[in-house]
Amino acid sequence: MPSHLREPHTSHQPTRPALYPLSRIQQKRKTVVKLSIVEQVTVPADGNAFDAFDEALITTKHAEAQGFHRMWFAEHHAIGSVASHAPEILMAVIARETERIRIGSGAILLNHYSPLKVAELFYQLEVVAPGRFDIGLGRATAGPLVDAALKRDRESRLTDDFYQQVQEALAFLRRDFPADHPFNQIQLMPTVTPRPDPWILGSSGSSANLAAALGIGYSFAGFINPPGAVRALQSYRRAFTPTQYGEQVPQAMLGVSVFAADTDAEAHKMTWPTRAVYASLGRTSPGQIVVPSIDEASRTLTTSQKDAPSRIVDGIWPQQLAGRPETIRSQLTQMIEQTGATEIMVQSINPDQEARRYSHALIAEAFGLRTNGHKAAMGAV
């Protein structure tokens, strides 16, 4: 474990000039950008979790054929509209059903678990499909009741030790505890060498400097907090310090809610189910949330909610981005240029899975993705 990481540095700030200046993206006429997808495994109103899993498998195979780089599975608890509650199980099954695409957690909510247990999960996954997994780590609340139910020790006070948890998980995965650390004696599956790509996921920017200090990838949920994306990803890039835990250059991922269709108007309507879900938060219990169809969402949303922009207007990013392929390419290119993102993680909540897959195909087409055997050429912007 690098010495500068053995104590938490929650306010880590670089004191030297940016090692990886954002201007690089302007210096190159074309920058290779990876495209990936995060999957919630949406349960349709007239279906069930079995149907949702079958569709998620079809969607992953389709994404692989289209040249997407990763498929990540979210972790949710006690939410009836999604069937991705234990992403590590879905990851194992789907990795065996696909060939090339990387499979990951988006994210394992580390605040609910032991770092040792999480590390063991990825040792076990390595046996299933060696070299194809990503370990995305995050923290989130599922509400006070569910959070309490997830706790093993319900008497202790809630503490935020995410920084230490991430370091511990990485040390277990890389067998990197100092010689005098008691956990150095713990041997996890000695015949297995897990090498999942490590990422930290966040939506507030507070974990950007943690990812930078650890030298691992950082994924910002722009679909949750669009205004915070530029600052968070810029901060990560400027503070990035290479370590043995990750790539030697910043891996900056931007998560965007994206919907593509043949026309801008059609694509805009595809955002309505997502908007209806967000509008229902706070007045509907998580277990009762349903992802409506476009027609159902049209009846519940107000005119202003339906007409809210789905493209950048006066420099303000939309909550959901939508348009025909040319529009999507133009809008995402602006976001990439502003953030220095090296990868776009596409999020799209919609019960119409055929429409989602068609949207993915149009996005892939817009960025020139194509498959060549087991290799995929990423789009250039």
Side-chain angles (χ1 to χ4, degrees), residues 30-31 33-40 42 44 59 62-63 65-68 220-230 253-280 291-339 341 343-370 378-381:
K30 288 189 176 182
T31 300
V33 176
K34 297 173 183 174
L35 296 182
S36 298
I37 299 170
V38 61
E39 176 66 64
Q40 282 84 14
T42 299
T59 297
H62 178 265
Q66 294 296 320
F68 283 86
F220 185 84
F223 49 83
I224 294 176
N225 179 18
V230 173
M253 180 188 291
L254 173 63
V256 186
S257 182
V258 188
F259 300 87
D262 292 328
T263 68
D264 288 345
E266 286 180 87
H268 182 84
K269 287 184 178 180
M270 287 182 68
T271 69
W272 291 355
T274 304
R275 296 178 184 204
V277 168
Y278 279 113
S280 71
V291 181
S293 67
I294 289 176
D295 288 342
E296 291 166 339
S298 177
R299 292 191 291 270
T300 62
L301 292 171
T302 65
T303 299
S304 62
Q305 287 172 328
K306 287 188 286 188
D307 292 345
S310 56
R311 58 189 302 170
I312 300 171
V313 177
D314 296 329
I316 299 174
W317 290 17
Q319 196 84 34
Q320 296 85 31
L321 177 64
R324 63 189 188 277
E326 297 84 354
T327 302
I328 294 300
R329 181 183 175 86
S330 172
Q331 295 284 292
L332 286 179
T333 297
Q334 291 184 54
M335 294 179 174
I336 291 165
E337 289 175 345
Q338 290 179 43
T339 60
E343 186 165 351
I344 295 293
M345 178 65 75
V346 173
Q347 186 238 38
S348 55
I349 301 173
N350 195 297
D352 187 340
Q353 298 303 312
E354 287 291 342
R356 281 186 73 226
R357 288 189 281 271
Y358 185 57
S359 173
H360 295 160
L362 291 177
I363 295 168
E365 175 188 338
F367 280 83
L369 269 64
R370 63 183 183 276
M378 299 297 122
V381 298

Answer whether the closest heavy-atom distance between the side chains of Phe223 and Thr274 falls below 4.5 Å. no

Just to verify, what does Ala276 make a side-chain contact (heavy atoms from CB on, under 4.5 Å) with, not counting sequence neighbours? Pro292, Ala297, Thr300, Leu301

Can you find a heavy atom in the side chain of Ile336 that is under 4.5 Å from one in the side chain of Leu254? no

Would a distance-only check, ignoring hydrogens and angles, find a side-chain to backbone donor-acceptor pair under 3.5 Å from Thr42 to Pro351? no

Can you pull out every salt bridge (Lys or Arg N to Asp or Glu O under 4.0 Å) where at least one residue sits in residues 262-274? Sequence neighbours excluded, please. Asp264-Arg324

How long is the gap from CD on Gln338 to OG1 on Thr333, to the nearest 0.5 Å? 11.0 Å

Is it true that a side-chain atom of Gln331 and a backbone atom of Ile312 form a donor plus acceptor pair closer than 3.5 Å? yes

Distance (rounded to the nearest 0.5 Å) between Ile37 CD1 and Ile344 CD1: 12.5 Å

Starting at CD1 of Ile349, measure out to OG of Ser257 and round the result to the nearest 0.5 Å. 6.5 Å

Distance from Phe367 atom CZ to Leu35 atom CG, nearest 0.5 Å? 6.0 Å

Could you tell me whether the side chain of Arg356 and the main chain of Ser348 form a donor-acceptor pair under 3.5 Å? yes

Under 3.5 Å: donor-acceptor pair, side chain of Asp314, backbone of Ile316: no

I'd like to check Asn225 versus Pro227 (side-chain heavy atoms, cut-off strictly below 4.5 Å). Are they in contact? yes

Any sub-3.5 Å donor-acceptor pair from Gln319's side-chain atoms to Ile224's backbone N or O? yes

Determine yes or no for a side-chain-to-main-chain donor-acceptor pair under 3.5 angstrom, with Lys306 supplying the side chain and Trp272 the backbone. no

Residues Glu354, Arg357: salt bridge by 4.0 Å N-O rule: yes

What's the separation between atom CD in Glu343 and atom CE in Met253, rounded to the nearest 0.5 Å? 3.5 Å

Identify, with sequence neighbours excluded, every residue that meets side-chain contact (heavy atoms from CB on, under 4.5 Å) alongside Ala322. Phe259, Ala267, Thr271, Ser310

Under the side chain to side chain contact (heavy atoms under 4.5 Å, CB included) criterion, do Gln347 and Gln40 qualify, and how do the steps go? CA-CA 9 Å; Gln347 186 238 38; Gln40 282 84 14; 3.5 Å; yes

Here the gap from Gln353 atom CD to His360 atom NE2, rounded to the nearest 0.5 Å, amounts to 8.5 Å

